[in-house]
Amino acid sequence: MSATPTSHADPATKSMDELVALCKRRGFVFPASEIYGGLNGFWDYGPLGTALKNNIRDHWWKHTVTCPPIDPDTGEPVSIVGLDSSIIQNPKTWEASGHVGGFSDPMVDCTETKKRYRADHLMVFIGVIIPSESQDDSVKVMNARYFAFLENDEASLKTALKKAKKAAASLKGEFVDRSGMAMMLTGTSVGQPIDRSRVMGPDATQFGTLTEPREFNLMFETTVGAIKSDENKAYLRPETAQGIFLNYKNVLDTMRVKVPFGIAQIGKSFRNEVTPRNFIFRSREFEQMEMEWFCAPEDSPKWYDFWKHERMRWWESLGIAKDNLRFRDHDVDELAHYSKMCVDVEYKYPFTAPGFGELEGVAHRGCFDLTQHQTHSKTKMEYFDQERQLKAKEEGKSKEEIDAVSKYIPNVIEPASGLTRAVLVLLCESFTPTPDRKGSAYIMSFKPKFAPVKAGIFPLVNKDGMPEIARDLYLKLRDKYPVEYDAKQSIGKRYARMDEIGTPFCFAIDGDTVEKGTVTVRDRDTTAQETINLDQVENYLDDKLKA
RNA sequence: GCGGGCGUAGCUCAAUUGGUAGAGCGUCAGCCUUCCAAGCUGAAUGUUGAGGGUUCGAGUCCCUUCGCCCGCUCCA
């Protein structure tokens, strides 16, 4: 493609507010249920946004399922099949995957300091026992004052002890250091839950400022069937990946695939995010493009590396500047529970610049998921590798040895990206203010392949035989590409509108067309014009849209 | 979920101590127009985010709620 000097501007110079305004004004993205005041974390894709999203989706599907990359070792395309699994699955799915139970850490807020703590990290000890008429120890304990501190945090414990001593003096109570027997705030004292009104938070100066522990489960719940009860509780999937693991055996049994192979899926996922923010970057309903690559455990490092670089190549194929993309390897302590290795592909969003923000994760999930589902469902997830069996037989191995190498649970490499996040990245990358241009204030410099409208077809003026020719051209081209015909208002205004929605080419039908059969092509990024024959327009578009 | 700021036409913004909700741009229609938001004429568009309260009277003051932005927190 011709260089587009304006299209790779530094994201740091772009205003999200202006981009969001353009997206709304031109029909890319609207706030969901806007007439009712919207709903935090939900967005609707307008006519152009839908077209853009579909173009990216098709590009991913093509490069993943119908035309996947070449295996460097064999020279053959790798094997990947498509899938579309249900959004709602048997809830046991999410117990096995670890989404129920493991990730709903109760949190406690401090109303005084506005700090938030994980409830299971918050420890308390008895600091002051208030004298009482009763000799019964349990009554004394029930009136005691507690001091909270953070588990394994020396400084926090010291502070709590200090505060306890001070409080003992002012309350005329007995100071008791039972920090060695500290227990969780959520625990019980003399058989009853600890009364939070007598607990002082780690950073607080008053008692009773800690809220009740609150669950933060990020899965949306729903009810299957007419009767609402716990037994009918189900979840909207928080990732598309599990649907793939659930169908791993079905695919294996029906599709004649052999390890290594992949299963790919595009679909909606739902996470009840605490803070949806930054336009469509983190929304509660979003679309994922995920592929699970099943391979032999010892080959997994090779494939991890392979997919890491393939995915970066794919992002670059969207027309994103290399400077705006990077890898970031996850530290060991930020790895998810299932993951052995993980690398993010990151993009320099206008709201993170000069920093980068997450775009896609390529994770080495080991055999965690298949093993979990094997355990929970009691369905065998083992793969029988006939080639290995034959090889081992040839090598004269014992039966036990042969079994050991030919039966295994595959390891999984997962490139997981967000389709709606890809839309955001293309919007950010393409959004280009053009203050020095006379007409449009902005252009959306989409790579032609992803532009919602490929070409505008304009009669220069709405008379002298031009509209008729333009209309014929439009009717011919629309069979192949999304194109628009527009004869209203001045040609400059029409060009400007096309610039803002990112239409790469405009064909103007002028007096020369009527006389000599030539049309003028106007380039969105440079505004340069060239003259071609009317009958070459289709070839011209074919050529430009190939890349 | 917490704290701060902000919500007026599709967009950008006006509206005196509380006193008739306006402009530009855009959109649409007509005319004009031989290449970059040109010109002329005309038109549509608002329960002032929503709900309640105070008041003779609320865009303006008070309460609640929703949304957006920033900072925490969270992000499997």
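So that the names make sense, note that chain A is the first sequence line, chain B the second, and so on, each numbered from 1.
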> Report yes if a side-chain nitrogen or oxygen of A:K493 is closer than 4.0 Å to either non-bridging phosphate oxygen (OP1 or OP2) of B:A38; otherwise report no.
yes
> Among the candidates B:G67, B:A37, B:A76, find the nucleotide nearest to the side-chain atoms of A:L39.
B:G67
> Only Watson-Crick and G-U wobble pairs, only distances under 3.5 Å, only runs of 3 or more: what stems does that leave for RNA chain B?
B:1-7 with B:66-72, B:10-13 with B:22-25, B:27-31 with B:39-43, B:49-53 with B:61-65
> Using the rule given for side-chain hydrogen bond (donor to acceptor under 3.5 Å, both in side chains), can you reason through A:S269 versus A:Q288, listing the C-alpha separation, both sets of side-chain angles and the distance that settles it, and then say yes or no?
CA-CA 7 Å; A:S269 291; A:Q288 289 188 299; 2.7 Å; yes
> A:D510 CG to B:C36 P: how many Å, rounded?
13 Å
> Between C1' on B:C35 and CD on A:Q529, what's the gap in Å once rounded to a whole number?
6 Å
> Tell me which of A:E34 and A:G38 sits closer to the 5' end of RNA chain B, going by the nucleotide each one is nearest to.
A:E34
> Does A:W43 or A:E273 map to a spot on RNA chain B nearer the 5' end, using the closest nucleotide for each?
A:W43
> Tell me: CG of A:N40 to C1' of B:G1, nearest whole Å?
12 Å
> Over how many whole Å does the gap from A:Y442 atom OH to B:G26 atom C1' extend?
13 Å
> Does A:F30 reach a base, just sugar-phosphate, or nothing at all? Heavy atoms under 4.0 Å.
nothing
> When you get a sec, tell me which of B:C70, B:C68, B:G30 is the closest nucleotide to the side chain of A:N278?
B:C70
> Counting any heavy atom closer than 4.0 Å, what does A:R26 reach on the DNA or RNA strands: base, sugar-phosphate only, or nothing?
base
> Classify the angle between the aromatic ring planes of A:Y474 and A:Y485 as parallel (below 30°), tilted (30 to 60°) or perpendicular (above 60°).
tilted
> Could you give the OH-to-C1' distance, from A:Y495 to B:A37, as a whole number of Å?
13 Å
> Just compare B:C72, B:C35, B:A76 and give me whichever is closest to any side-chain atom of A:T520.
B:C35
> Can you say whether the rings of A:F294 and A:F245 are parallel (under 30°), tilted (30 to 60°) or perpendicular (over 60°)?
perpendicular
> In whole Å, what is the span from the CG atom of A:N272 to the C1' atom of B:A76?
14 Å
> Grab the CZ-P distance between A:R494 and B:U34 for me, whole Å please.
12 Å
> Do any side-chain nitrogens or oxygens of A:K488 fall under 4.0 Å of OP1 or OP2 in B:U27?
no
> Mind checking if A:N462 touches a base, just sugar-phosphate, or nothing, with heavy atoms under 4.0 Å?
base
> Which of the following nucleotides, B:A76, B:U34, B:U27, is nearest to the side chain of A:Q489?
B:U27
> By the 4.0 Å heavy-atom rule, please label A:R277 as base, sugar-phosphate, or nothing.
base
> Name the one of A:F30, A:Y349, A:W43 that satisfies ring-ring contact (aromatic ring centres under 6.0 Å, His included) with A:F279?
A:W43
> Under 4.0 angstrom, heavy atoms only, what part of the nucleic acid is A:E500 near: base, sugar-phosphate, or nothing?
base
> Atom NZ of A:K24 to atom C1' of B:G7: distance rounded to whole Å?
12 Å
